[in-house]
Amino acid sequence: MKRYNPKEIEPKWQKTWEEQGIYRASEDPSKPKRYVLEFFPYLSGAAMHVGHVRNYAIGDVIARFARMQGQNVLHPMGWDAFGLPAENYAIKTGNSPSLMIKEASAKFKEQLAQMGFSYDWSREINSSDPSYYKWTQWLFLLLYKRGLAYQQTGLQWWCPVDKTVLANEQVEAGKCWRCGSDVEKKSLKQWFFKITEYADRLLEDLGDLEWSDAIKTMQRNWIGKSTGAEIDFKLAEGSEVIRVFTTRADTLFGATFMVLAPEHPLVKRITTTGQKKSIEDYVKESQAKSDIERQETDREKTGIFTGSYATNPANNAKIPVWIADYVLGGYGTGAIMAVPAHDERDWKFAKKYKLPIIRVVQNEAPDEACTHDEGLMMNSGIYDDMRSEEAREQIVADLNKSGVADEHVNYKIRDWLISRQRYWGAPIPIIHCPKDGAVAVPEDQLPVIIPEIESYEPSGDGRSPLARVEEFVNVPCPKCGGPAERETDTMDGFACSSWYFLRFADPHNANAAFDKSKAEFWLPVDDYIGGADHAVMHLLYARFWTKVMFDEGLIEFKEPFKTLRNQGNILAPDGQKMSKSKGNVISPDELISQGYGADSIRLMELFIGPWNQSAAWSVEGMGGTFRFLQRVWTLVQEHIASEESEDITPELPRALAKATKAVSLDMHELGFNTSIASLMELVNELYKLKTITKLGSAQWKAVLTTLIQLLAPFAPHITEELWQRLGNTGSVHTSEWPSWDEKLLISETMTIVIQVNGKVRANIEMPAASSESDVTKLAQSHEKIAEYLQGKAAQKVIYVPNKLINFVI
RNA sequence: GCCGGGGUGGCGGAAUGGUAGACGCGCUGGACUCAAAAUCCAGUGUUGGCAACAACAUGAGGGUUCGAGUCCCUCCCCCGGCACCA
């Protein structure tokens, strides 16, 4: 009898499945569709480790289970291929980045294939392929046409190492999201997408999504909506006006000073000659500070008086105007009315610089700032004794009559900066004409192909390497035919990943980004599986593009991802993140060459704990899942080698029904670890039963066949092999998920737990049909219970039918 | 500080308010073997006891309940995210 050897069977089945195309999806309306998608991998050149494998294993088990349940499953895979890893490789080697992409995608595909994932490879896409980025460019032009793409000069985040600008979301705590180096600010003209115009919809539609609260909250915080008012404060002298945003207009009477951000445009104009020197020094000082420094929360507040005064529109009080770096230039209007009595930061500032503090909302703690308290108004003229919530609206409405206040909604989210001064990205399809300005490249001239170049090094002037390619840059204006210049910026890689899930529905369409009916058939994605690290960037951008496409009528749905599933990370056995530098990376290749095989790795990925919780990889644990598969293998081999028998036992179908039910129910809840545990339990049970019944029976064959089906989504290779060896036709993976006979689970006896005062003291076996009085009688007479009761009747008896009886004494 | 997720044996983890610790790892013992590996079988929360058994036990402390890992309150710790957002 041959032993279980994954090296022999796994490659064989991988080849067969691909040849027979059993995972290919088609628009068959007779079955319910299910679109299962894992975040498509970003080809950074790093090899796949067991942490990545978990992501794909979760998706694959969902896809395989859905298929066996009779659903029409789309489970595709492709490559997020633009970006700096390939470009840096090109700079180093002088080869085209496409070469690196070719190698990296081939390697990744091989690694995925050896894990036995059920992808429809006929739909493979690559975002750096002209047949793909043609449509990324087309979608750029769609946004441009709809007024959602624009150019603007301003201070942008600049990564000095990557030599390119970054979007807001790509700056994490003052550092570049890719390389981790400190970012700088640079004044540049760049392309933006107007995601702010969709802020409200991006916020509202979050409600209907089956996403974790964690991710929803992150998106809400990022969008950062706050409702309030904008109020104008006139300067005491001159005609200048300082506009502020506030969520607490009710505290207007308590505004005893104003603060401008150091970068506020009014600062120079309103500084009085006496204060000029110290203000200039302060502005310079705060510019020199890195953003990380400015973001330290517990920093002492600093600021300088400008010498000017403004008039509080509520009471005409003359209040000083200061500048301070705790006010941010980029949020609201870059200026605030300071209400020290009701804002902690203003309070600290006022204390330090001895500015007046006036309470305007009655509350109980006069010695500190009461920030979120609502209450009755005080020190507020005609608004006194009004509820603060009411006063808030009334004050704005009253000021609005004289045109100095408006209701206003403010957002933290900024427009999406998509220009990149790099080579390896989709060129922005715009031509700049001295006469006609920015002109869209006509659709029939798409794609704007990335030209082959000699040197991939970015030019020192901050422009893309494409700027050096004259044939690329110098083109006639599509409008007037006169000499014009092509845009040389490329698009942020996140543009490509903002629509790839649609391309999978129709990956080879040469005439459109996708066919509407195909997109409508498959989308939205039913199960979108990936790490939480893309919670803000990718998911926000993709939702934005989807809504734009909806508005254009390209699709009829507003949200791309119905259910988002964030898998827990796999850590190294030492509990740390896996990284090359720490030398603690565990790769699936290594485990496979050690003889474990893909099936036991897949099993381990899911058995290690709940799929959405992180866990440290266990090297010893691998032995356990391998052993389990080996036990299954041995069982089937022994059955095949056994003499035919007519033996029958009720234990076999009962154990099977129990497992089938447990696994089926758990699978619907994505309880993969407990499903596997139930299967192990079943196998343990079968090992006991094989000592008391003959293995060669038809009953055994049926039980083993079902066991193999239950195991198939987790361990596709061994189950396919055993399915065949048991003489079944077709593939186990296209077979129908087993059902169970509930009747077999009804037991003739039941175990009643007997408690005294809630403590378990005994348990008894009774016929399942026993009545409450039967149970009470028998339980009372149990020798241990009688001892507790000491002949007296219990004060109270609680009976949970068929389960438990509790005597309270 | 705020938001989200956690805290259960030596370890990963399991438990519709009803026998806490399923399943796996590890460990211990046994079978097989000349021997080892592999495999199979049994045991394994802690303390006391030869044992039956008893007490203790789900981060800490309170509460609700006949009964709490599970529900409520207060607090501590760990992980992830955001962070002077007016």
Side-chain angles (χ1 to χ4, degrees), chain A residues 3 172-173 212-218 220-222 224-226 228 244-248 251 255 259 261 294-299 301 324-328 330-339 342-346 348-349 371 410-412 531-533 535-536 566 568-569 571 573 575 603-604 607-610 612-625 627-628 630-631 634 662 671 673-684 687-688 691 751-763 784 794-800 803-809:
Chain A
R3 305 219 19 181
E172 295 164 351
S212 72
D213 288 338
I215 306 289
K216 284 190 186 182
T217 309
M218 277 190 225
R220 276 194 200 102
N221 289 346
W222 190 264
K225 181 179 185 172
S226 52
V244 301
F245 172 73
T246 177
T247 54
R248 291 299 300 268
T251 62
V259 187
R294 271 189 75 172
Q295 279 170 7
E296 277 168 25
T297 9
D298 291 332
R299 249 176 72 236
K301 302 264 175 300
D325 63 9
Y326 81 90
V327 175
L328 308 174
Y331 182 76
T333 61
I336 61 161
M337 63 175 209
V339 186
H342 302 287
D343 182 280
E344 209 179 320
R345 297 152 298 172
D346 298 346
K348 280 186 188 153
F349 195 81
T371 39
N410 200 55
Y411 298 92
K412 269 196 259 186
D533 38 331
V536 174
N566 295 116
N569 291 325
L571 306 170
L603 222 41
M604 190 58 201
F607 184 61
I608 198 165
N612 53 1
Q613 271 174 44
S614 58
W617 188 258
S618 162
V619 179
E620 299 80 29
M622 275 300 312
T625 55
R627 236 178 333 263
F628 165 63
Q630 191 170 260
R631 277 160 73 83
T634 305
N673 56 332
T674 48
S675 289
I676 295 167
S678 296
L679 290 169
M680 289 174 166
E681 228 171 318
L682 172 62
V683 170
N684 291 345
Y687 265 69
K688 289 197 182 96
T691 62
T751 307
I752 298 290
V753 174
I754 312 173
Q755 295 183 339
V756 176
N757 288 339
K759 285 202 180 236
V760 178
R761 294 301 177 188
N763 54 64
K784 281 190 62 185
Q795 283 180 31
K796 199 170 168 189
V797 179
I798 285 133
Y799 179 62
V800 182
K803 226 177 213 166
L804 174 142
I805 188 159
N806 185 12
F807 297 99
V808 185
I809 53 173

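As a basis for the values below, the full set of heavy atoms in this structure was taken, side chains included, without hydrogen atoms, waters or symmetry mates. Protein chains get the first letters and strands the later ones, always in sequence-line order, with residue 1 at the start of each.
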Produce the list of close N/O pairs, under 3.5 Å, pairing protein atoms with atoms of nucleotides 16-18 of chain B; give distances to one decimal.
{"from": "B:U16", "atom 1": "O4", "to": "A:K803", "atom 2": "NZ", "distance (Å)": "2.6"}
{"from": "B:G18", "atom 1": "N2", "to": "A:Q755", "atom 2": "OE1", "distance (Å)": "2.9"}

Which value, rounded to the nearest 0.5 Å, describes the distance between A:I608 atom CD1 and A:M622 atom CE? 10.0 Å
Between the protein and nucleotides 45-48 of chain B, which nitrogen or oxygen pairs are less than 3.5 angstrom apart?
none

Cation-pi check, A:K301 to A:F349: give yes when NZ or CZ is under 6.0 Å from the six-membered ring centre and within 45° of the ring axis, no otherwise. no
Partners passing ring pair (Phe, Tyr, Trp, His ring centres under 6.0 Å) against A:F807 (at least two apart in sequence or in another chain): none
Base contacts versus sugar-phosphate-only contacts with protein, heavy atoms under 4.0 Å: please encode nucleotides 49-55 of chain B as B, S and - from 5' to 3'. -----SS
Let me know the distance between NZ of A:K225 and P of B:A86, rounded to the nearest Å. 14 Å
Give, ordered by number, those residues of residues 612-621 of chain A having at least one heavy-atom distance below 4.0 Å to an atom of RNA chain B; if nothing qualifies, reply none. A:S614, A:E620
B/S/- along nucleotides 35-40 of chain B (protein heavy atoms under 4.0 Å) is ---SSS
Indicate, with a heavy-atom threshold strictly under 4.0 Å, whether A:N684 touches base, sugar-phosphate, or nothing. sugar-phosphate
Under the rule for salt bridge (Lys or Arg N to Asp or Glu O under 4.0 Å), what residues qualify as partners of A:K225, not counting sequence neighbours? A:D200
Can you list everything that forms a side-chain hydrogen bond (donor to acceptor under 3.5 Å, both in side chains) with A:T674? Sequence neighbours excluded, please. A:D666
By side-chain contact (heavy atoms from CB on, under 4.5 Å), which residues pair with A:S614, not counting sequence neighbours? A:N569
Checking A:A762 now: which residues fulfil side-chain contact (heavy atoms from CB on, under 4.5 Å) with it, not counting sequence neighbours? A:I754, A:H782, A:I785
Bracket notation of RNA chain B in which parentheses pair within the strand, [ ] cross earlier pairs, and | pairs with another strand (Watson-Crick or G-U, under 3.5 Å): (((((((..(((.....[....)))((((((.......))))))((((....))))..(((((..]....))))))))))))....
Confirm from the modelled atom types if A:K348 and B:C84 form a donor-acceptor pair under 3.5 Å, side chain to base only. no
The criterion is ring pair (Phe, Tyr, Trp, His ring centres under 6.0 Å); which residues satisfy it with A:F245, sequence neighbours excluded? A:H408
